[in-house]
Structure formats: C-alpha cells, structure tokens
Amino acid sequence: MVELRGIQKYFPANGVHALENADFTLLPGEIHALVGENGAGKSTLMHIMAGFIRPSAGSIYTDGTLVNFPGPAAALACGIGMVRQHPRLVPGFQVWEACILGSAGGAAGIIRKKKMRKMVQEVSDQWGFDLPADQGTDTLTVSQRQKCAILSLLLRNAEYLIFDEPTAVLTPLETERLFDLMGRLRSQGKGIVLISHKLEETLALADRVTVLRKGEVTATLRADTVSSEEISTLMFGTDRETRSDSTADFPAFLPEQPAMVHGENDGEHEQAPLLRVTGLTVEISKRPFIRSIDFEVPRGKIIGIAGVRDSGLETLELALTGFLNPSGGTVEVNGTRTDNKGPRTFRKAGAAYLSADRTGTALAMQLPLWDSLIVHAHRRAEMGLPGHFGIMKRSYLEAWVQHIMNRAQVSRSPRNPAESFSGGMLQRLVLAREFAEPVQLMVLAEPSWGLDTAGRELLITRIKKYAAGGKSVLAFSTDVEELIAMADEILVLRNGEIAARFLLGKQELRGPETDGASSGQGIRELIGQTMVGMGESSSAPEDQNRE
Ligand SMILES: Nc1ncnc2c1ncn2[C@@H]1O[C@H](COP(=O)(O)OP(=O)(O)OP(=O)(O)O)[C@@H](O)[C@H]1O
C-alpha cells in the first residue's frame, strides 16, 4: 500500500500552492482514478508519488514505512513507477535497449545483451504486448511507446503504476486494449492510478475514485456508487457555470488597424471551399503514406478527420499545412496554391494551425510562455498591422498576449516558463493563440487534448459558433467522440486513404438515435472500427449518411 499524507506543494517561482494537505492511498490490486479540473494538482500529486518532484510538506509511506524519494529511481526501488503522457524514448535505440536503459544490469553491473533482449521479449509476450524487442524506437506508434514504458516498469518489478491521461490520443480500440491490460495488472495484485478527463470510461473501469479540487482532495469514493454527473459537481462546484459561458466565442484579436487576410483570387473564390485538396500523395523513402486523397472544407463547415495518429493522420496534417512537401497533388487555401511552399504560405493564405506536437512545434516549454504566445506576431508587419519595417510595437504585443490570456481564462504571469502551466491550461492557451489569428480556416490537431469536461464542452460550443460565422474548421483527431460532437462530416483515414465518410445531421448531434448504425453509439463504433480496419467485409462504409 502507498499512502500520501498531508501533501503540500508550493512552487516559489510562480507563487502557486498546487497542493494543500492532500491525502491519497493506493491499494494493491485496485484501479484508482484520480480526477479533477485542469490545474487541480493531479499531475503534481502523482509526480510527488513517483519521485519526480519533492513535496513542500507531508509524508509518503509504503506498506507503513516512511519513505523519502529524492528522485524517480528511489520511488522505483519502492515499486512505484509512472507512465507519463508522452513517454520519451531514446531515438535510434531498440525496444529492449530502451526498456533496460538505466537499470543496473546483472551481477557486477554487466549487461548481457542476448539475455536482456530475451528477457524483454519474454515479458512483452507474457503480457501480450505484440512489441518486438528489436524494433527501433523511432518506428513505434503512440500506443507502442506507452507499452514500451509499461514494459520498462514491469521489468523493474513495479507494483504500483501511475498512468497520466493514457487514453488522450488513443483510438477506441487501443483504449479498450489498454484497459484490458490494466485489468490484468490489477488481477495480478498491482495497484494502478489512472488520471483521466474521460469520466464515464474511467468510472466504468476504476474501483475507487479520488477527486482533487484546487489542490485539495474533496472526496474518495467507490466508483460504482457515484455517477459522472456527481463527480463533475465535486470537480467543478459552481465554477462550471462561469466557465461554460455559452455566448462566448473566439473573436480574432482586434488590432489598431483591421486585419485582412486574402487569398490570391478572393473575389472569384468567395463561394469556393476554403480548403481544396486534390490527389494529395505523400511518399517517404518510396513508401506511400498518403495515397491520392481528395476532399474539400466548405465555408462555414467543420470537417473532422479521424484516424490513428501514427499511421497517416500526422503525415496528412504536415503535408496540408506546408511542413512536408507532398509527392503529388495540390492544396489550395482560399483559392491560393499552398503545397510545396512551406507553412508560412499556408498561414498567409488565411489559415491557422495547431500542431499535435504540443511540447515541440506548438510550445517552447522551457522559455517564458510569452515567447510561445507571440510566435506568429512576426507576420503582423506582412499583414499591414503595427510593426512596420520589422519594428514590433511593445504595446501591441502586450495587448496581444493579454487578449490570449483572457480568452484562455488563465490569470497567471506570461513571464513564467510554459512548463509551469498545467497541461489543460496550455491547451486552452494554444487554442486561444490560434483563434486570435484573423484567418478563415482553422486546422486543429486533437482539439480537446487534455481539457477537462467543462473546457471541452466550452470548446465545442465555441468551434460551432466560429463555423456558424462563415469560417471553417478542419479537426484531426483520434477521439471519435469529440468529432461526433462538433463535425458536420467525418472522414476516416486509414492506410493513407479516406476509408469512409460520415455526414452528421446537426439535429442528431445531441444524443443517440434508436436504430443500429445511425445511432450515436453505432456511428461511434463504426468509425472506431473503420479507423483500424475491422469488420471490412461486412460494412466497409462509403458515404454513410445520417441525414
Ligand atoms: N513546475 C511547476 N512550476 C510552477 N508551477 C507548476 C509547476 N507544475 C505545476 N504547476 C502549477 O501547479 C498547479 C497544478 O498543476 P498540475 O499540472 O498538477 O494540474 P493537473 O490537475 O494535472 O491539470 P491538467 O488537467 O490541466 O493536466 C497549476 O497551477 C500549475 O500551473
């Protein structure tokens, strides 16, 4: 049993009291859900339990013994390990090497390659991981990277495993498999912590649930005695109403002079789709990743692209937004050809893009948040805004950053490093940054990644309102639920091709219908299965239409 008692955490750098007297107990053989709104302190509490950071006050006990974790190795020595949200593996390594990295090896610290590789493969097979020990870490999918991180903990005999939002970018089938694995770990007597914002699936799996609110534990309950609505009330209290302002939208930042973004042939193309993709093909090292894809994003519409992140979705995203040159085909934004011209041309034509690489392309984690928020400001001069002749007005930047902070509802100094903001806060900030751009086409990867339920509802309302104003949204996601909740049409990408199209009738977005495949549940399952190529012979849906 692991007990955290009276844990407090104060971050002097930004003056945040992240945890106040938090108690948490993890029993062997249980799945314990840890939930709370964005910034509630979930990751901080678990980073303390796994030895990544030290508490300002409070005690940790394992099986009744007081322990002290100067680092994660000390926690692991007590059987506690954490699978972080974005497991980082050393590039160029093989799975078995990544798994044993940092372990002491055998007698006298000698690592016997053959023996180690065999051991990794055996444990991998024993858990049914389908993860070849000699596969290169660079070629692993998100769910395989997770498995590699889990394997590494199991090889070190971890008895307590902490999962930080593990299902955030997994497909429905991958989530099912991960939950099945957690169930097996539980039945072997291991204790599991599951941090998640997906309340329903979490409550269905967990034995107990602890709710954190503003750094304090508000309740620990048996999961089968409580509904997701009751948990939401414990999480948000009355704040929920203030954050779910249904009239709120995403106004573009209004500078001193009005922002105008034009395509080359605006007049002619007023009614043309904002994005037109024709025959788009991407080959990397002669291997086809995207195979002659055609689709359009009409004005005023929200189009979702569902798929597995590492098998096509990311490549399509990069090829559309100018980060990757396609091998064939064209991309037109607002009447302007943007393929093969880089991301700058894509943005100049009237588009914004939030990349899925949140801690790489989208944010500079170690730098002050300010730097990540002004990252597009260099284009202001090109757009005829303040900042002529390469000189950027300080007052303009101050107003720009403040606008983004207000829209994201984050009241904290932007001078703090980005890494000192919680995952959900950062997500709100990068979304607000992109929506502040005076553009007409918004391309978003995993829009509600890391958002709590209130933040997610608010985002969906805002996106719909944005599109209702005549602008367009293209959302790439592994999260079928979020796409069903917002999109007019969902294209399913599989093996580099559009495997199916689903038109979603607006009146049907609110709840499940009664009959078979046209019900909310049916569509969800059908899309999930199409993403991974299941049930092809029977249904392989083309142009499934709910209207
Ligand atoms: N390294 C740090 N330095 C300063 N403040 C921090 C640091 N890490 C976290 N915080 C602050 O502590 C508070 C709790 O953050 P934490 O990441 O634990 O929240 P969370 O519940 O995991 O949120 P989310 O659901 O958004 O991931 C936040 O106000 C955050 O800004």
Side-chain angles (χ1 to χ4, degrees), residues 4 7-22 24 32-58 71-72 82-86 162-169 193-199 202 209-219 231-232 234-237 239-240 243 358-359 362-370 372 405 408-432 446-459:
L4 305 181
I7 301 291
Q8 299 194 29
K9 182 65 192 176
Y10 174 66
F11 290 106
N14 56 6
V16 169
H17 289 273
L19 294 168
E20 304 272 3
N21 255 329
F24 183 84
H32 195 143
L34 181 59
V35 300
E37 67 179 322
N38 291 138
K42 304 177 295 293
S43 300
T44 304
L45 187 63
M46 288 303 110
H47 284 158
I48 288 171
M49 181 159 148
F52 288 103
I53 53 175
R54 305 185 77 156
S56 310
M82 184 162 181
V83 180
R84 304 243 221 164
Q85 217 186 88
H86 310 277
I162 303 161
F163 290 83
D164 193 352
E165 289 190 56
T167 64
V169 288
V193 180
L194 172 59
I195 299 180
S196 180
H197 289 295
K198 298 183 178 176
L199 293 183
T202 304
V209 54
T210 288
V211 184
L212 263 180
R213 180 147 186 249
K214 298 188 186 349
E216 290 179 38
V217 171
T218 54
I231 292 288
S232 278
L234 288 167
M235 278 168 61
F236 298 105
D239 288 5
R240 192 182 172 88
R243 279 179 59 190
R358 298 288 194 274
T359 55
L363 284 157
M365 295 299 281
Q366 272 89 40
L367 296 179
L369 177 72
W370 169 277
S372 293
M405 301 291 290
Q409 301 181 355
V410 175
S411 46
R412 187 78 65 77
S413 166
R415 306 285 168 193
N416 290 316
E419 65 188 357
S420 71
F421 293 78
S422 83
M425 289 175 188
L426 290 175
Q427 179 68 1
R428 297 210 298 266
L429 286 158
V430 286
L431 280 164
E446 310 291 345
S448 62
W449 190 348
L451 293 183
D452 57 32
T453 40
R456 185 180 165 109
E457 280 169 24
L458 185 54
L459 174 69

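Numbering of ligands and ligand atoms starts at 1, following listing order. Just so we're clear, the structure is a prediction, and the values are computed from it rather than from any experiment.
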Let me know which protein residues bring a heavy atom to under 4.0 Å of ligand 1; chain then number is fine for ordering.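 Residues near ligand 1: Phe11, Asn14, Val16, Ala18, Glu37, Asn38, Gly39, Ala40, Gly41, Lys42, Ser43, Thr44, His197, Arg412, Ser420, Phe421, Ser422, Gly423, Gly424, Met425.
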
Matching residue for Leu426 among Leu363, Val410, Leu431 - test: side chain to side chain contact (heavy atoms under 4.5 Å, CB included):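 When side chain to side chain contact (heavy atoms under 4.5 Å, CB included) is applied between Leu426 and each of Leu363, Val410, Leu431, only Leu363 qualifies.
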
Evaluate the ring planes of His47 and Phe52, with Trp represented by its six-membered ring, and classify them as parallel (under 30°), tilted (30 to 60°) or perpendicular (over 60°).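 Rings of His47 and Phe52: perpendicular, as their planes differ by over 60°.
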
May I ask you to test the Gln427-Leu459 pair for a side-chain heavy-atom distance under 4.5 Å?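 No - every pair of side-chain heavy atoms lies 4.5 Å or more apart.
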
Hey, are the side chains of Phe421 and Asn416 touching, using non-hydrogen atoms and a 4.5 Å cut-off?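 Yes. Closest side-chain heavy atoms under 4.5 Å.
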
Are any side-chain N or O atoms of Lys9 and backbone N or O atoms of Arg54, one a donor and one an acceptor, separated by less than 3.5 Å?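 Judged by distance alone, yes, a pair lies under 3.5 Å.
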
Tell me every residue that passes ring-ring contact (aromatic ring centres under 6.0 Å, His included) with Phe11, counting only those two or more places apart in sequence or in another chain.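 Result, ring-ring contact (aromatic ring centres under 6.0 Å, His included) vs Phe11: none returned.
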
